[in-house]
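Beneath this line is the structure, given in structure tokens, with notes to follow.
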Amino acid sequence: AQRVTQPEKLLSVFKGAPVELKCNYSYSGSPELFWYVQYSRQRLQLLLRHISRESIKGFTADLNKGETSFHLKKPFAQEEDSAMYYCAAGGSQGNLIFGKGTKLSVKP
Amino acid sequence: DTGVSQDPRHKITKRGQNVTFRCDPISEHNRLYWYRQTLGQGPEFLTYFQNEAQLEKSRLLSDRFSAERPKGSFSTLEIQRTEQGDSAMYLCASSLGGGREDEQFFGPGTRLTVL
């Protein structure tokens, strides 16, 4: 079965520190992977997708097929990065399969 | 606002009552998805539409749940004989196409509380 695992419920870092939010997937075939973010009082929105290989708001994520991982990284965290982050895989029907999410708290 | 909208934003009901939620997708989007999110969990897929056709239903969608998308525009999700376990945030999302790589745009959600 397709599954996305985010092992950390909460990640707390200080401003300027590096951030890595972990995501592992279980998927047959070639996965399409995404990171969605939900800021306080806002709706869920796409942060980045692996197919685009882009950096959004300083975040990057690299697909590692050997480790079946798609970790989200940022070298220097900002307070405005505090949010709920969800890793997701594109299902066979175009639906998204989400992890349970990691709450990132960036302290001043 | 040209984003996905959902109505109502909050619904409190008593166990056994029926409730209906509405989702208005982005106008040119062909795909419409319904998800459910409970506390501490990520969104879980319920069902989706390609235009007006409902093409897939998750095993999470019991017989008490029904969804429609008449004319391929807005969609409704009805829950009959609500149970306390139905309490959750119900999210709607739409996308232009149905590819696995397509971005899904989410609505603000309808929070259901069943007393």
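Not measured: the values here are computed from a predicted model. The chains referred to below are lettered A, B, ... by the order of the sequence lines, with proteins before strands, and numbering in each begins at 1.
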- Query: Of the backbone (N, CA, C, O) and the side chain (C-beta and beyond), which part of B/Glu44 lies under 4.5 Å from a heavy atom of chain A, both, or neither?
  - Reply: neither
- Message: So for atom CD, which belongs to B/Glu68, do other residues, nucleotides or ligands contribute more than 12 heavy atoms lying within a distance under 6.0 Å?
- Response: no
- Enumerate by number any residue of residues 99-108 of chain A whose heavy atoms lie under 4.5 Å from heavy atoms of chain B; in the absence of such residues, state 'none'. A/Gly99, A/Lys100
- In Å and rounded to the nearest 0.5 Å, what is the OG to CZ distance from B/Ser5 to A/Arg43? 8.0 Å
- Query: CG of A/Leu10: more than 12 outside heavy atoms within 6.0 angstrom?
  - Reply: yes
- Message: To check you understand the geometry: which heavy-atom pair defines the closest contact between B/Phe45 and A/Asn95, and what is its length?
- Response: CD1-CB, 3.4 Å
- Got a sec: does the CZ of A/Phe76 have more than 12 other heavy atoms crowding it under 6.0 Å? no
- Note on the structure: By side-chain hydrogen bond (donor to acceptor under 3.5 Å, both in side chains), A/Glu20 pairs with (sequence neighbours left out) A/Lys22
- Is the CG atom of B/Leu55 crowded by more than 12 outside heavy atoms at less than 6.0 Å? yes
- Between B/Gln37, B/Gln41, B/Arg31, B/Gln50, which residue shows the highest count of heavy-atom pairs closer than 4.5 Å to chain A? B/Gln41
- Item | same_hphob_cluster(A/Val37, A/Val13) at 4.5 Å side-chain heavy-atom cutoff | yes
- Going from OG on B/Ser95 to CG on A/Leu46, what distance comes out if it is rounded to the nearest 0.5 angstrom? 12.0 Å
- Query: Among all residues two or more places apart in sequence or in another chain, which pass the side-chain hydrogen bond (donor to acceptor under 3.5 Å, both in side chains) test with B/Tyr35?
  - Reply: B/Gln104
- Message: Take a 6.0 Å sphere around CD of A/Glu80 and say whether it holds more than 12 heavy atoms from other residues, nucleotides or ligands.
- Response: yes
- Task: Of all the heavy-atom pairs spanning B/Pro43 and A/Phe98, show the shortest one and how long it is.
- Result: O-CD1, 3.3 Å
- Note on the structure: Applied to residues 75-96 of chain B, the salt bridge (charged side-chain N to carboxylate O under 4.0 Å, His left out) test, sequence neighbours excluded, yields B/Arg64-B/Glu83, B/Arg64-B/Asp86
